[in-house]
Amino acid sequence: MRSFFCTVFFIAITGIVIAQNQSDKVDIKWGNEIESSRKKTLSNILGHDESGFYALQTERKGFFGASTEITIDHYDNNANRIKSTELSLKAGGEEREYENIIHDNGTMFLFTSCLNKKTKFNSLYVQTIDKNSLTTNNDLKKLVDIDYSGFKKRNSGSFRFATSNDGSKILVFYNLPYDKGEFDKFGFGVYDNSMNLIWKKDIVLPYMDELFDIEKIRVDNEGNVYLLNTVYKEKRRKKRHGEPNYQYVILAYRNGAENADEYTANLSGKFLTDMQITIDKNRDIVCSGFYSEVGTYSIKGSYFISIDSKTKEIKNQSFKEFSIDFIVENMTERQKKKVEKKLEKGKDVEMYEYNLDDIILRSDDGGAILVGEQYFVNAVTTTTTINGTTTTTTTYYYNYNDIIVVSINPAGQIDWVTKIPKRQVTSNDGGFFSSYSLNIVGNKLYFLFNDHPDNLLEKTNDTKKYKSFSGQKGSVVVLATVNNDGSYTKEALFKMVDAEVMIRPKVCGQISSNEMVIFGQRRKIERFAKLIFK
């Protein structure tokens, strides 16, 4: 009887807390529930127009999921599905592989590739999609032919895509076949938003493929192409004799220029563990991320570097070390004691397994925002023997934890750093319902993620253990609001049981200056909603 009353009391208190924390910052328009195939997965929100928004569903088929079937869905402004069409990837008797869909300037472009084993060409095509029927138009156009004669299928080239910030340019990037020990080869084409070619280039780099990784590709509003690359020394490893064995190199290609401009970004005596780049309104190259002083799997602070694209000189450079108070923030008492023992022994204390997700230039004052998240995977292997038969099982635990937000002022100095507490631990699912979605409205950042309902109380009891979201039915969708001074608030948007679906933050996205589309699913049921920020 005591257990029953305790349970009822807990549920009642939790309900009161959630009700008190319900956000009044957004209006939510829920669409109808839709029964869908469990084999299909929502991959992306493609874009929006005055009629609503478009979503992409994919289904892997064939041996080891070698082929992809795609479906495009059209939803109205109330998040109700209007039309759903499975696209045929066959054209001219050839079976094509899905590569990408880009919604740009009101037009939807489908990119597909075809590997011809007879001619030994890997070809990339583009065609538009009729947004009324959601079928392809009769305007198929070949963009790229990669000749892979003398190479195996796995070395037949691959394709990547990027769009400029203003949507006026589309970059089609492709890796070219290579032999082991050769210099890295690639090419690209820059197109306008009607897919007319502006310029293209094939390139052989002065780096061996085994010692070179292209981390990011960017195209600016003028059609210049930027590559953020990791270049290793001698061997492909992050560390050698206690020092970094790699450096970040940025290559900039400009229409009409014979050679690339090369830029190197580094901080003396520090490991740059992550880097993101963007191009500001002055065409300067902005590099930012996290650094370490002890290795490549932990971070001690954040940095910011601005490079003049013409002179190649560093215009601004700053870094900010995380304080001990910041490092131990949101830790359990046990974790804090471990940090204290390290400090007593004179050891360096850093934060582990944080990934830099994005760098966002502020349009109002020219400053920037960095966003990162703690992410790592634990593998636990157990062995059992029953009646002489031994079985080994490995369970993979996907950990998506605290979010870090770093604000950089227009002068290139780091103003503040904020850590948003989050604990998400799930097993053998790739973190399907974990991580977060970011929405930027005015000078505020809104983070949306699944959370344990008890964690809405964490500000009133700093020493209590933070509870993990693990996919439980009683979870809540939380909205964390970061203000322009680094302060934040957390409040519940809604409960999973009320929505009847669990939100997948990784595929939610912002569709306008104050609107966001969220997606949830449970078994065969899926549902969209539109959030309108007030």
Side-chain angles (χ1 to χ4, degrees), residues 43-56 70 72-75 77 85 87 89 91 96 98-113 123-145 158-174 186-202 216-228 252-257 277-283 285 309 358-361 363 440 509-513 515-517:
S43 297
N44 196 14
I45 306 297
L46 297 172
H48 74 286
D49 55 25
E50 65 281 354
S51 68
F53 61 91
Y54 303 85
L56 174 69
I70 62 174
I72 297 181
D73 298 330
H74 184 194
Y75 292 81
N77 286 306
T85 302
L87 280 183
L89 299 183
R96 305 184 192 282
Y98 170 75
E99 293 289 344
N100 199 9
I101 291 179
I102 294 177
H103 186 273
D104 192 20
N105 195 34
T107 303
M108 201 177 296
F109 298 101
L110 169 66
F111 296 89
T112 55
S113 63
S123 303
L124 180 72
Y125 297 85
V126 66
Q127 61 193 127
T128 59
I129 295 173
D130 186 302
K131 292 166 73 174
N132 292 317
S133 64
L134 300 185
T135 58
T136 53
N137 291 313
N138 189 28
D139 57 358
L140 186 71
K141 180 169 68 173
K142 184 186 291 187
L143 299 178
V144 180
D145 264 335
S158 59
F159 304 97
R160 295 165 69 176
F161 306 85
T163 57
S164 61
N165 289 334
D166 65 356
S168 66
K169 307 295 186 297
I170 296 175
L171 172 66
V172 175
F173 181 92
Y174 46 93
F186 64 88
F188 60 78
V190 178
Y191 299 81
D192 64 18
N193 52 24
S194 296
M195 287 309 298
N196 298 309
L197 180 65
I198 300 174
W199 71 290
K200 66 178 182 178
K201 195 174 186 67
D202 283 355
K216 306 289 180 184
I217 60 174
R218 296 283 187 265
V219 58
D220 67 16
N221 298 341
E222 284 71 42
N224 302 310
V225 177
Y226 302 81
L227 308 182
L228 172 62
Y253 296 90
R254 296 177 172 85
N255 192 6
I277 64 168
T278 189
I279 314 302
D280 69 13
K281 60 183 179 181
N282 299 319
R283 301 185 189 177
I285 301 171
S309 61
D358 205 359
I359 176 172
I360 304 156
L361 294 181
S363 58
I440 305 168
Q510 187 167 356
I511 61 171
S512 73
S513 61
E515 294 177 317
M516 178 183 191
V517 170

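These numbers come from a predicted model, not from an experiment.
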Side-chain contact, heavy-atom cut-off 4.5 Å: I359 with I277?
no
Any side-chain heavy atom of L140 sitting closer than 4.5 Å to one from R96?
yes
As an exercise, state the distance from CG of D220 to CG of N165, rounded to the nearest 0.5 Å.
8.5 Å
Are the side chain of K131 and the backbone N or O of G106 linked by a donor-acceptor pair below 3.5 Å?
yes
Return yes if some donor-acceptor pair links the side-chain N/O of W199 with the main-chain N/O of Y191 below 3.5 Å, else return no.
no
Please determine whether the number of non-hydrogen atoms from other residues, nucleotides or ligands lying under 6.0 Å from atom NZ of K200 exceeds 12.
no
To check you understand the geometry: which heavy-atom pair defines the closest contact between F159 and S113, and what is its length?
CE1-CB, 3.9 Å
Within the structure provided, determine whether F161 and L124 are in side-chain contact (heavy-atom separation under 4.5 Å).
yes
Roughly how far, to the nearest 0.5 Å, is CG of L228 from CZ of R218?
8.0 Å
Are the side chain of D130 and the backbone N or O of L134 linked by a donor-acceptor pair below 3.5 Å?
no
Verify the neighbour count for atom CG of N138: are there more than 12 heavy atoms of other residues, nucleotides or ligands below 6.0 Å?
no
Non-hydrogen side-chain atoms of N255 and V190 separated by less than 4.5 Å
no
Please report the closest heavy-atom contact between K141 and M195, naming both atoms and the distance.
NZ-O, 2.7 Å
Which heavy atom in I45 sits nearest to a heavy atom in I511, and how many Å separate them?
CG2-CG2, 4.2 Å
E99 meets the salt bridge (Lys or Arg N to Asp or Glu O under 4.0 Å) criterion, sequence neighbours left out, with none
When you measure from the side chain of N77 to the backbone N and O of E50, does any donor-acceptor pair fall under 3.5 Å?
yes
Decide, yes or no, whether a salt bridge links E222 with R254 under the criterion of side-chain N to carboxylate O below 4.0 Å.
no
If I compare all heavy atoms of Q127 with all of N137, which pair ends up nearest, and what's the gap?
NE2-O, 3.2 Å
Under-4.0 Å salt bridge between D280 and R283
no
Quick check: do I217 and L171 have side-chain heavy atoms less than 4.5 Å from each other?
yes
Closer than 3.5 angstrom, by distance alone: can the side chain of K169 be matched with the main-chain N or O of N221 as a donor-acceptor pair?
yes
How long is the straight-line distance from OG of S309 back to OH of Y226, given to the nearest 0.5 Å?
5.5 Å
Side chains of I101 and I72 in contact at under 4.5 Å (non-hydrogen atoms):
yes
All salt bridge (Lys or Arg N to Asp or Glu O under 4.0 Å) counterparts of R160, not counting sequence neighbours:
none
Between T163 and G167, is there a donor-acceptor pair closer than 3.5 Å when you use the side chain of the first and the backbone of the second?
no
Could you tell me whether the side chains of S51 and D49 share a donor-acceptor contact shorter than 3.5 Å?
yes
Do V517 and Y75 have side chains that get closer than 4.5 Å, going by heavy atoms?
no
side-chain contact (heavy atoms from CB on, under 4.5 Å), that's the test. Do N224 and V219 meet it? Break it down for me.
CA-CA 6 Å; N224 302 310; V219 58; over 6 Å; no
Would Y54 and D73 satisfy side-chain hydrogen bond (donor to acceptor under 3.5 Å, both in side chains), going step by step from the backbone distance to the final call?
CA-CA 6 Å; Y54 303 85; D73 298 330; over 6 Å; no
Parallel, tilted or perpendicular for F173 and F188, by the 30°/60° rule?
parallel
We want to know whether N105 and T107 form a side-chain donor-acceptor pair, criterion being a heavy-atom distance below 3.5 angstrom.
no
Using a 3.5 Å distance criterion without hydrogens, assess whether the side chain of N44 forms a donor-acceptor pair with backbone atoms of L46.
no
Between D139 and T128, do the side chains contain an N or O donor and an N or O acceptor separated by less than 3.5 Å?
yes
In short, T85 meets T135 closest at the heavy-atom pair CG2-CG2, 4.0 Å
Rounded to the nearest 0.5 Å, what's the gap from CG on L56 to CE on M108? Could you check?
9.5 Å
Are any non-hydrogen side-chain atoms of Y98 and L89 less than 4.5 angstrom apart?
yes
To the nearest 0.5 Å, what is the distance between CD on E515 and NE2 on H48?
7.0 Å
Return the set of residues passing side chain to side chain donor-acceptor pair (under 3.5 Å) with Y125 (not counting sequence neighbours), or none when no residue passes.
none
Ignoring hydrogens and geometry beyond distance, is a side-chain donor-acceptor pair present between D202 and Y174 at under 3.5 Å?
yes
